[in-house]
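What you see is a predicted model, and the numbers here were worked out from it, not measured in a lab. We count residues from 1, following the sequence as given.
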Amino acid sequence: MPTPQVGAAVIVEVPVLAPVILAASRSDKMRRFVSAAPGTKQVVDRFIAGETVDQVIPIVQDAAAKGLEVTLDVVGEDITTVEQSYAARDAYLELVDRLKALGLGTKAEMSVKLSMFGQALEGGHELALANVRPVVEAAAAIGTTVTLDAEDHTTLDSMFAIHEELRKDFPQIGCVIQAYLFRTEDDARRLAAAGSRVRIVKGAYKEPASVAYQDKAEIDKAFVRIVKILMQGEGYPMIGSHDPRLIAISQELARQAGRKLDEYEFQMLYGIRSDEHVRLAAEGHRMRVYTAYGTDWYGYFMRRLAEKPANLLFFARSILTTG
């Protein structure tokens with residue numbers, strides 16, 4: 001699969017550093033170096049909620065107390081065996097059991113990457129569908145749901161087919177679309193139907209110019225066009241952005257479409273713009289925090305560093321000043 005990026009903005013905002021960091025995200029040598037660096041834990045804790053379900057549950061409870069909701073992501077999509085795909089399925093089923101026991105089902109949904117469920121393996125489409133179905137079923141049983149994350153463009157037809165198949169029995173299941181792909185406006189029109197749940201983000205992978213916008217301004221324009229399509233549709237839009245300008249534009253498009261505050265939501269990453277999470281919730285918006293946890297944190301962590309130069313500088317300072 002192509003090397004993941006945090007978002008399309010990386011292509012423009014960090015043209016030199018981002019490819020280097022993202023290449024390092026697949027390097028075992030760099031994994032060992034970063035894991036052993038004295039300042040790593042301090043920075044990892046900023047973006048990763050914990051390694052176990054026990055560590056992430058208090059964060060869900062704290063978010064609920066602040067009027068926030070969460071979507072939980074068990075990190076570790078780079079799997080190579082069928083057995084690992086079963087382990088991923090079981091990790092999510094364990095999470096559902098804990099949410100059920102604590103009565104948190106309505107406050108926490110789950111986000112899954114189908115690659116983690118075996119999509120890239122031989123027979124991967126059927127394997128991923130078979131693995132994710134019991135997770136979606138278990139989530140529905142406790143009053144919550146699952147959103148299928150978007151990965152690189154070569155996987156999207158499979159993801160959308162699995163989404164469509166699961167919606168037959170679980171109409172509340174969501175999916176993600178990426179603004180920087182040329183195809184996405186058509187996808188948004190198709191998905192903006194009654195009962196659908198669609199998260200729009202700028203983009204999650206480094207894509208070629210043949211399939212995706214490369215310029216930040218063009219990506220932002222596409223993002224706005226797609227939000228407008230979703231707001232004017234009959235589904236439930238989920239706006240995944242930390243950009244204050246795009247958030248304000250999305251609010252205005254929701255107002256123009258006559259949507260009430262509970263008819264769409266904003267989503268942001270755990271550890272990024274936390275004050276904004278609380279501010280939006282205090283204004284009456286539904287605000288969901290994308291919260292990753294697990295032991296295989298390295299790839300996710302490196303993508304957070306690639307997202308903004310400030311994150312990389314924060315990490316560098318931590319290494320230099322720790323120990």
Checking [Y] against [X]: is there a side-chain donor and acceptor pair closer than 3.5 Å?
| X | Y | value |
| --- | --- | --- |
| Gln178 | His153 | no |
| Tyr180 | Glu218 | no |
| Glu252 | Gln256 | yes |
| Asn131 | Tyr86 | no |
| Ser115 | Glu151 | yes |
| Gln267 | Thr71 | no |

Note to self: For a quick test of reading the model, state the closest non-hydrogen atom pair linking Val75 to Ala292 and the distance between them.
What the structure shows: CG1-CB, 3.5 Å
Notebook entry, point to check: Which heavy atom of His285 sits nearest a heavy atom of Leu261, and at what distance?
Noted result: CE1-CD2, 3.4 Å
Should [X] and [Y] be regarded as members of a common hydrophobic cluster, given that ILVMFWY residues are connected when their side-chain heavy atoms come within less than 4.5 Å of each other, either directly or indirectly?
| X | Y | answer |
| --- | --- | --- |
| Val53 | Val60 | yes |
| Ile247 | Val278 | no |
| Ile200 | Phe160 | yes |

If you define the side chain from C-beta out and look only at heavy atoms, does anything of [X] sit under 4.5 Å from [Y]?
| X | Y | value |
| --- | --- | --- |
| Thr155 | Leu114 | no |
| Thr145 | Val136 | no |
| Asp73 | Lys113 | yes |
| Thr81 | Ser85 | no |
| Ser111 | Arg199 | yes |
| Val74 | Met116 | yes |
| Ile162 | Val132 | yes |
| Met238 | Phe266 | no |

Note to self: Show me the pairs that pass side chain to side chain donor-acceptor pair (under 3.5 Å) and involve residues 58-69, at least two apart or across chains.
What the structure shows: Asp62-Lys66, Glu69-Arg286, Glu69-Arg288
Under 3.5 Å donor-acceptor pairs involving side-chain atoms of residues 222-231, not counting sequence neighbours:
unit_1: Arg225; atom_1: NE; unit_2: Glu185; atom_2: OE2; d: 2.9
unit_1: Arg225; atom_1: NH2; unit_2: Glu185; atom_2: OE2; d: 3.1
unit_1: Arg225; atom_1: NH2; unit_2: Tyr213; atom_2: OH; d: 3.3

Inter-residue atom distance [X].[atom1] - [Y].[atom2], 0.5 Å rounding:
| X | Y | atom1 | atom2 | answer |
| --- | --- | --- | --- | --- |
| Asp169 | Glu137 | CG | CD | 8.5 Å |
| Lys100 | Thr144 | NZ | OG1 | 14.0 Å |
| Leu280 | Asp275 | CG | CG | 11.0 Å |

Next item on the list: Find out whether the Lys NZ or Arg CZ of Arg259 is both under 6.0 angstrom from the six-membered ring centre of Tyr236 and within 45° of the ring's axis.
Entry: no
Whether [Y] and [X] form a salt bridge (side-chain N of Lys/Arg under 4.0 Å from carboxylate O of Asp/Glu) is what I want to check.
| X | Y | answer |
| --- | --- | --- |
| Arg183 | Asp186 | no |
| Glu283 | Arg279 | yes |
| Arg273 | Asp243 | no |

Note to self: Among residues at least two apart in sequence or on other chains, which ones pass side-chain hydrogen bond (donor to acceptor under 3.5 Å, both in side chains) with Glu165?
What the structure shows: Lys168
Check: Is the number of heavy atoms from other residues, nucleotides or ligands within 6.0 Å of CD (Glu164) greater than 12?
Finding: no
Check: With a 6.0 Å cut-off on ring centres, are Tyr293 and Tyr270 close enough?
Finding: no
